[in-house]
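Just so you know, these numbers use all the heavy atoms, side chains as well, and skip hydrogens, waters and symmetry mates. Keep in mind it's a predicted model, so treat the numbers as computed, not measured.
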Amino acid sequence: MTRLAIIEREAKRAKTVQKFEAKRKEIFAVLDSSKASDEEKFEARLALQKLPRNSSSCRQRNRCALTGRPRGTFRKFGIARNKLRELALKGEIPGVVKASW
């Protein structure tokens, strides 16, 4: 099991990303604009640096919803591979069957 503090940190990051999403889009619109002057792009870059690091979505980590495991997580189910296997063998995930040929 993952420590509860790490799971809470990921939840806090998700909230921060959601909070600053619109502001980051505005800043990147200025940076990507070909009509913006060099001064405007410089100001936008400074504004981007003032935002919290955790407001970037690439700092989030996919974790298992049951155990908090950071690796081997299936996006479709949101759980780790070992828990997916356990639940699938019990028949608790509809539409998932063990392959045999």
Side-chain angles (χ1 to χ4, degrees):
M1 279 295 276
T2 304
R3 290 192 335 242
L4 187 61
I6 295 175
I7 295 171
E8 291 297 323
R9 184 190 315 155
E10 288 298 323
K12 187 177 178 182
R13 279 186 183 148
K15 286 180 189 176
T16 308
V17 167
Q18 200 72 10
K19 180 179 177 183
F20 288 98
E21 183 179 14
K23 192 167 192 171
R24 289 181 69 88
K25 282 187 179 181
E26 290 174 11
I27 292 172
F28 279 111
V30 173
L31 290 173
D32 293 337
S33 174
S34 60
K35 295 180 180 180
S37 67
D38 290 338
E39 292 82 19
E40 290 173 341
K41 288 186 179 185
F42 182 73
E43 302 265 337
R45 183 64 62 188
L46 289 178
L48 185 63
Q49 289 176 356
K50 288 181 182 178
L51 293 179
R53 285 187 178 179
N54 285 336
S55 66
S56 176
S57 62
C58 69
R59 290 179 63 97
Q60 287 181 300
R61 180 80 177 174
N62 292 332
R63 290 189 172 269
C64 176
L66 302 176
T67 61
R69 180 181 166 87
R71 298 184 178 185
T73 305
F74 284 78
R75 288 183 186 179
K76 184 174 182 178
F77 303 103
I79 55 177
R81 58 181 174 78
N82 46 8
K83 288 296 176 182
L84 177 69
R85 185 171 189 266
E86 288 176 12
L87 294 175
L89 289 175
K90 289 180 188 174
E92 294 180 6
I93 302 175
V96 177
V97 293
K98 183 178 177 187
S100 59
W101 57 90

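Contact of the R85 side chain with the N82 side chain is not registered, since no non-hydrogen atoms from C-beta on lie closer than 4.5 Å. The closest side-chain heavy-atom distance from E10 to I7 is not below 4.5 Å. Contact of the N54 side chain with the F20 side chain is not registered, since no non-hydrogen atoms from C-beta on lie closer than 4.5 Å. At least one side-chain heavy atom of L51 sits less than 4.5 Å from a side-chain heavy atom of I27. Within the 4.5 Å cutoff, side-chain heavy atoms of C64 are placed close to those of I79. Between V96 and L84 the shortest side-chain heavy-atom distance does not fall below 4.5 Å.
Residue A80 comes nearest to R71 through the heavy atom pair CB-O, 4.4 Å, listed as atom of the first residue, atom of the second, then distance. Closest approach of T73 and G78 over heavy atoms only: CG2-C, 4.0 Å.
Other residues, nucleotides and ligands place no more than 12 heavy atoms under 6.0 Å from the CZ atom of R45. Residue-environment remark: CD (Q18) stays at or below the threshold of 12 foreign heavy atoms within 6.0 Å.
Distance alone, capped at 3.5 Å, is enough to place a donor-acceptor pair between the K41 side chain and the S33 backbone. For T16 (side chain) and K12 (main-chain N/O), a donor-acceptor pair under 3.5 Å exists by modelled atom type.
Taking CD of E40 as the start and NZ of K35 as the end, the distance is 12.0 Å to the nearest 0.5 Å. Rounding to the nearest 0.5 angstrom, the gap separating the CD atom in E43 from the CD atom in E39 is 8.5 Å. K25 contributes atom NZ, which lies 12.5 Å from atom CG of D32 (distance to the nearest 0.5 angstrom). One finds the CZ atom of R13 at 10.5 Å from the OG atom of S56 (value rounded to the nearest 0.5 Å). Separation of atoms OG (S55) and CD (E21) is listed at 10.5 Å; rounding is to 0.5 Å.
Salt-bridge annotation for K23 and E26: absent, with no side-chain N of the basic residue lying under 4.0 Å from a carboxylate O of the acidic one.
L31 is not connected to F42 by any chain of hydrophobic side-chain contacts under 4.5 Å among Ile, Leu, Val, Met, Phe, Trp and Tyr, and they are in different clusters.
Under the side chain to side chain donor-acceptor pair (under 3.5 Å) criterion, R61 pairs with no residue at all, not counting sequence neighbours.
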